Chemist: 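Here it is: the structure, laid out below.
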Protein chains: 2
Amino acid sequence: MINKKLEMACRCLRVLAHPTRLLIIQALISGEKAVQEIEKEVGASQSSVSQHLTLLRDKEIVSARRAGPQVFYRLQDPKLSQLLALARELFCKE
Amino acid sequence: MINKKLEMACRCLRVLAHPTRLLIIQALISGEKAVQEIEKEVGASQSSVSQHLTLLRDKEIVSARRAGPQVFYRLQDPKLSQLLALARELFCKE
DNA sequence: TCTGCTTATTATAATATTATAATATTATGA
DNA sequence: TCATAATATTATAATATTATAATAAGCAGA
């Protein structure tokens, strides 16, 4: 009953289902940002943000580009904002 | 930064992010079903299905209706199938 | 190469989630 | 009330996730 695709979708959803990671994704909807900027926006520690970004990268939800000492992250698929909008509609009623 | 609505959306997403629970939701897209039918469709034990249904009920993702000895479950919001479709598009590529 | 800045990794203790087994509840018919 | 079928709850051991602290690694300018 439980196949590979279902497992993968679950793992991706689970990676989305974390407050800090949702904030990171929210921050990236307006465009790519360096880790430092993300840290400030979401208000989490360097290590924490880096680890969350690793999880998001592993699931190919975000991708990274190095520019000198900085690493810029961006969303892989703009459909992600649709997913977040739907989640808001469904789960943030009134 | 992290507010109540965000927390709630996270908790709901986390409840979605489980293989058995996704199968349950999938099974309910075609209409309401008794627990027994759900058990058969998803291939999980009585206790397991019941516990998963409790989590889904707690988050108001499904609702229950008792009819004699049976309890029928259904999806609260048809938008859920849109969410699943989007998740499939995003996370079940090729 | 040394220094400073940015980001990543590792280790770990605390907490949360899960599956299973056992038991309890609820409803119905004999 | 008793027996049975359907569902729910509880307890618990195994596993997974998380935040924090410490350390490492990558890059650029002096």
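Values in this document were obtained by computation on a predicted structure and should not be read as measured data. Naming convention: chains lettered A, B, ... in sequence-line order (proteins, then strands); numbering from 1 in each chain.
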Chemist: Pick base, sugar-phosphate or nothing for Ala34(B), based on heavy-atom distances below 4.0 Å to the nucleic acid.
Modeler: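 Sugar-phosphate contact only - Ala34(B) comes under 4.0 Å of backbone atoms but never of a base.
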Chemist: Using modelled atom types and a 3.5 Å cut-off, is there a donor and acceptor pairing between side-chain atoms of Ser81(A) and backbone atoms of Pro78(A)?
Modeler: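 Answer holds: yes.
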Chemist: Starting at CD1 of Ile24(B) and ending at P of dA19(C), how long is that distance when rounded to a whole Å?
Modeler: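 Distance, rounded to whole Å: 10 Å.
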Chemist: Within the structure shown, what part of the strands sits under 4.0 Å from Tyr73(B) by heavy-atom distance: base, sugar-phosphate, or nothing?
Modeler: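 If one applies the 4.0 Å heavy-atom cut-off, Tyr73(B) turns out to touch the sugar-phosphate alone, with no base involved.
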Chemist: Can you tell me the distance, in whole Å, between the CG atom of Leu22(A) and the P atom of dT18(D)?
Modeler: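 For the pair Leu22(A) CG and dT18(D) P, the rounded distance is 12 Å.
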Chemist: Is the side chain of Gln70(B) donor-acceptor paired with the backbone N or O of Ala67(B) at a distance under 3.5 Å, no angle test?
Modeler: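 Such a contact is absent between Gln70(B) side chain and Ala67(B) backbone.
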Chemist: Measure from CZ on Arg66(A) to P on dT6(C) and round the result to the nearest Å.
Modeler: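 Checked: the CZ to P distance equals 12 Å.
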Chemist: Run the numbers on Asp58(A) and Arg11(A) for salt bridge (charged side-chain N to carboxylate O under 4.0 Å, His left out), then give the verdict.
Modeler: CA-CA 10 Å; Asp58(A) 285 350; Arg11(A) 277 193 287 272; over 6 Å; no
Chemist: Name the pairing partner of dT18(D), where a pair is Watson-Crick or G-U wobble with both distances under 3.5 Å, or state none.
Modeler: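 Paired with dA13(C).
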Chemist: Could you give the CD-to-C1' distance, from Glu39(A) to dT6(C), as a whole number of Å?
Modeler: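 It works out to 9 Å between those atoms.
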Chemist: I'd like to know if the side chain of Arg21(B) and the backbone of Val15(B) have a donor-acceptor N/O pair within less than 3.5 Å.
Modeler: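 Checked: pair present.
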Chemist: Suppose we define a pair by two distances each less than 3.5 Å, Watson-Crick or G-U wobble; what does dT7(C) pair with here?
Modeler: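 dT7(C) is paired, partner dA24(D).
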Chemist: Please classify the nucleic acid contact of Arg21(B) as base, sugar-phosphate, or nothing, using heavy-atom distances under 4.0 Å.
Modeler: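 Result for Arg21(B) = sugar-phosphate.
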Chemist: Is any N or O donor-acceptor pair between the side chain of Ser47(A) and the base of dA19(D) shorter than 3.5 Å?
Modeler: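 It does not, because no donor-acceptor pair links the side chain of Ser47(A) to the base of dA19(D) below 3.5 Å.
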Chemist: Of all the nucleotides listed (dT7(C), dT18(D), dT28(C)), which has the minimum atom distance to the side chain of Pro69(B)?
Modeler: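 Between dT7(C), dT18(D), dT28(C), the one nearest the side chain of Pro69(B) would be dT28(C).
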Chemist: Looking only at side chains, do Arg57(B) and Tyr73(B) share a donor and an acceptor under 3.5 Å apart?
Modeler: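 The answer is yes; a qualifying pair exists.
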Chemist: Measure from CZ on Arg14(A) to P on dT17(C) and round the result to the nearest Å.
Modeler: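 About 9 Å, once rounded to whole Å.
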Chemist: So, does the side chain of Gln51(A) form a donor-acceptor pair with the base of dT20(D) at under 3.5 Å?
Modeler: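 Looking at the base of dT20(D), it does pair with a donor or acceptor on the side chain of Gln51(A) (distance under 3.5 Å).
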Chemist: Could you state the CZ-P distance from Arg65(B) to dA8(D), rounded to the nearest angstrom?
Modeler: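 These atoms are roughly 13 Å apart.
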Chemist: Could you work out which one of dA27(C), dT17(C), dA19(C) sits closest to the side chain of His18(B)?
Modeler: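 Taking heavy atoms from C-beta onward, the closest nucleotide is dA19(C).
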Chemist: Donor-acceptor pair, distance only, cut-off 3.5 Å: does the side chain of Lys33(A) make one with the backbone of Ala27(A)?
Modeler: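 Yes.
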Chemist: When only distance counts, do a donor and an acceptor, one from the side chain of Gln36(B) and one from the base of dA5(D), lie under 3.5 Å apart?
Modeler: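 Per atom types, no contact qualifies.
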Chemist: Under 4.0 Å from OP1 or OP2 of dT17(C): is there any side-chain N or O of His52(B) that close?
Modeler: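 For dT17(C), neither OP1 nor OP2 has a side-chain N or O of His52(B) closer than 4.0 Å.
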Chemist: Starting at CD of Gln46(B) and ending at P of dT25(C), how long is that distance when rounded to a whole Å?
Modeler: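 In whole Å, dT25(C) P lies 15 Å from Gln46(B) CD.
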Chemist: Starting from P on dG26(D), measure out to CD on Gln70(A) and report it in whole angstrom.
Modeler: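 In whole Å, dG26(D) P and Gln70(A) CD are 18 Å from each other.
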Chemist: So Thr54(B), base contact, sugar-phosphate only, or nothing? Heavy-atom distance under 4.0 Å.
Modeler: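 Sugar-phosphate only.
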Chemist: What nucleotide, of dA19(D), dA6(D), dT18(D), holds the atom closest to the side chain of Leu55(A)?
Modeler: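 That would be dT18(D).
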